[in-house]
Amino acid sequence: NTCVKQFGWDTSISSMRLTRPDLGSINGTLNDSAGKYLIKGVGNFFGGIFPGWLDYNTYLKPPAIYMYHQPNDLIVPYRTNKVLKGFSDCFTGFGCASIINRPWIHGSSGVRFQIEGLKALGKTAPSYWLDSTTNNADCTAQGLNPALAGHSIDNYWLRSLHMAQYFAPLIDTSNNCNISSIEKQFFEASLQIYPNPFLDEITVSTSASQGIKAIQLFDVTGREIEMTISQPSDLDFMIKVEQGINLGIYFLAISNHHGELVYKKLVKAQN
């Protein structure tokens, strides 16, 4: 209270917004019902992991790791240290007590050190790419110039390019793309859309087991057209288009529950 809250460096946890509306539950729901799956790649921007989580021997092939980290990160240590090590040092520099109860953590360079140690012992270890900077601004310099902040991306476009270049040759497309292509062709062939030309109502149905998840209607400029949709089942949709749309060509975007997306051309007829 005499340091952190007095100088306005932090607020009480009770006053913080801890909901995650964009990310969802902290436990996650991704692929919740899809059965077992393997993580093949991790993109890490100035993050870290707790010691003891680097047991790659449980993997037949450990995930490839791209890491970006700045050496003057005050929040997540660049190497291996306690969380908020740099920030805590800033506090003591102002005559405050060090922040207590902070766990140890491996930052990106610390993860690299652990990986190289596994390799030296002949153990299973992931491939990795570590991007860094020469930014060594201390806490005072970062406070005076936020552009020098260490716990942030440096807005250098090569970071995302490097991650793409690193992961691209590691992606196995030998199976999924072919299957996906066949599924999309079958889904498209199964669609029935009528009448075409249409006046103000359109029926869309499919015999494919993937069903229909969503439908959108666009004009040739890409503007989405408002419409009312009734859905008797996953296989049948009834669409009523807004009154007064112009004559001409429109595009119906139809997606199924497997993520396949098909575009169909429609013509608006004269009433």
Side-chain angles (χ1 to χ4, degrees), residues 17 19-32 34 37-50 53-54 56 59 61-81 83-87 105-116 118-119 124-139 141-181 184 222 253 255 258-261 263:
R17 187 172 70 91
T19 58
R20 296 156 50 91
D22 297 326
L23 298 177
S25 165
I26 196 169
N27 295 317
T29 57
L30 183 65
N31 291 330
D32 189 44
Y37 59 94
L38 293 176
I39 295 174
K40 295 187 175 182
V42 176
N44 169 33
F45 283 74
F46 42 86
I49 64 174
F50 296 116
W53 287 12
L54 285 168
Y56 296 113
Y59 293 88
K61 186 176 181 180
I65 304 174
Y66 171 86
M67 296 177 287
Y68 167 80
H69 217 132
Q70 300 206 71
N72 63 333
D73 194 324
L74 302 180
I75 309 301
V76 177
Y78 178 66
R79 296 177 177 83
T80 298
N81 218 311
V83 177
L84 296 171
K85 171 65 168 61
F87 204 45
I105 196 169
H106 294 305
S108 298
S109 184
V111 170
R112 173 181 60 181
F113 181 82
Q114 298 294 318
I115 292 173
E116 292 298 334
L118 290 171
K119 290 180 179 179
T124 303
S127 63
Y128 69 90
W129 180 327
L130 174 59
D131 255 345
S132 188
T133 70
T134 57
N135 181 10
N136 290 294
D138 61 16
C139 59
Q142 292 185 47
L144 295 173
N145 183 2
L148 296 176
H151 191 68
S152 65
I153 188 70
D154 60 355
N155 295 321
Y156 193 34
W157 62 270
L158 275 178
R159 308 307 174 201
S160 54
L161 175 62
H162 286 171
M163 184 163 64
Q165 290 173 334
Y166 174 57
F167 283 133
L170 302 177
I171 297 173
D172 179 8
T173 61
S174 60
N175 292 318
N176 292 338
C177 285
N178 291 334
I179 294 173
S180 176
S181 177
K184 182 175 181 179
S255 61
H258 286 189
E260 309 296 341
L261 178 63
Y263 288 93

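As the structure is a computational prediction, the values presented were derived from the model and not from experiment.
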What are the two closest non-hydrogen atoms of P77 and I75, and how far apart are they? CD-O, 3.6 Å
Kindly give the heavy-atom pair with the smallest separation between T80 and G110, and that separation in Å. OG1-CA, 3.6 Å
CZ of R112 to CZ of R79, rounded to nearest 0.5 Å, is 8.0 Å
Contacts satisfying side chain to side chain donor-acceptor pair (under 3.5 Å) that involve residues 162-171 (not counting sequence neighbours) are S127-Y166, D131-H162
Side-chain (H69) to main-chain (V76) donor-acceptor, under 3.5 angstrom: yes
How many angstroms lie between atom CD1 of I115 and atom NE2 of H106, to the nearest 0.5 angstrom? 10.5 Å
Report the residues that fulfil side chain to side chain contact (heavy atoms under 4.5 Å, CB included) with N136, sequence neighbours left out, ordered by chain and then residue number. P71
When rounded to the nearest 0.5 angstrom, what distance separates OG in S152 from CZ in F46? 6.0 Å
ring-ring contact (aromatic ring centres under 6.0 Å, His included) against F45, all qualifying residues, sequence neighbours excluded: Y66, Y68
To the nearest 0.5 Å, atom SG of C139 lies from atom CG of L148 at 12.5 Å
First locate atom OG of S255, then atom OH of Y263, and finally report the distance between them rounded to the nearest 0.5 Å. 9.5 Å
Shortest non-hydrogen contact between L130 and S109, atoms and distance: CD2-CA, 4.2 Å
Partner set under side chain to side chain donor-acceptor pair (under 3.5 Å) for S132, not counting sequence neighbours: Y78
Kindly write out the residues that satisfy ring-ring contact (aromatic ring centres under 6.0 Å, His included) with Y128, not counting sequence neighbours, or none if the list is empty. none
R159: which residues meet the side chain to side chain donor-acceptor pair (under 3.5 Å) condition with it, sequence neighbours left out? D154
Quick check: does any side chain N or O of N135 sit under 3.5 Å from a backbone N or O of N72, one acting as donor and the other as acceptor? no
In the structure I gave you, are the side-chain heavy atoms of L74 and H151 within less than 4.5 Å of one another anywhere? no
Would you please name every residue forming a side chain to side chain donor-acceptor pair (under 3.5 Å) with T133, sequence neighbours left out? Q70
Candidates I49, V83, N81 - the one meeting side-chain contact (heavy atoms from CB on, under 4.5 Å) with I105: V83
On a heavy-atom basis, the closest approach of Q142 and A137 is NE2-O, 2.9 Å
Restricting to non-hydrogen atoms, name the atom on L118 and the atom on A125 that form the minimum distance, rounded to 0.1 Å. CB-CB, 3.9 Å
Shortest non-hydrogen contact from S108 to N44? OG-ND2, 3.5 Å
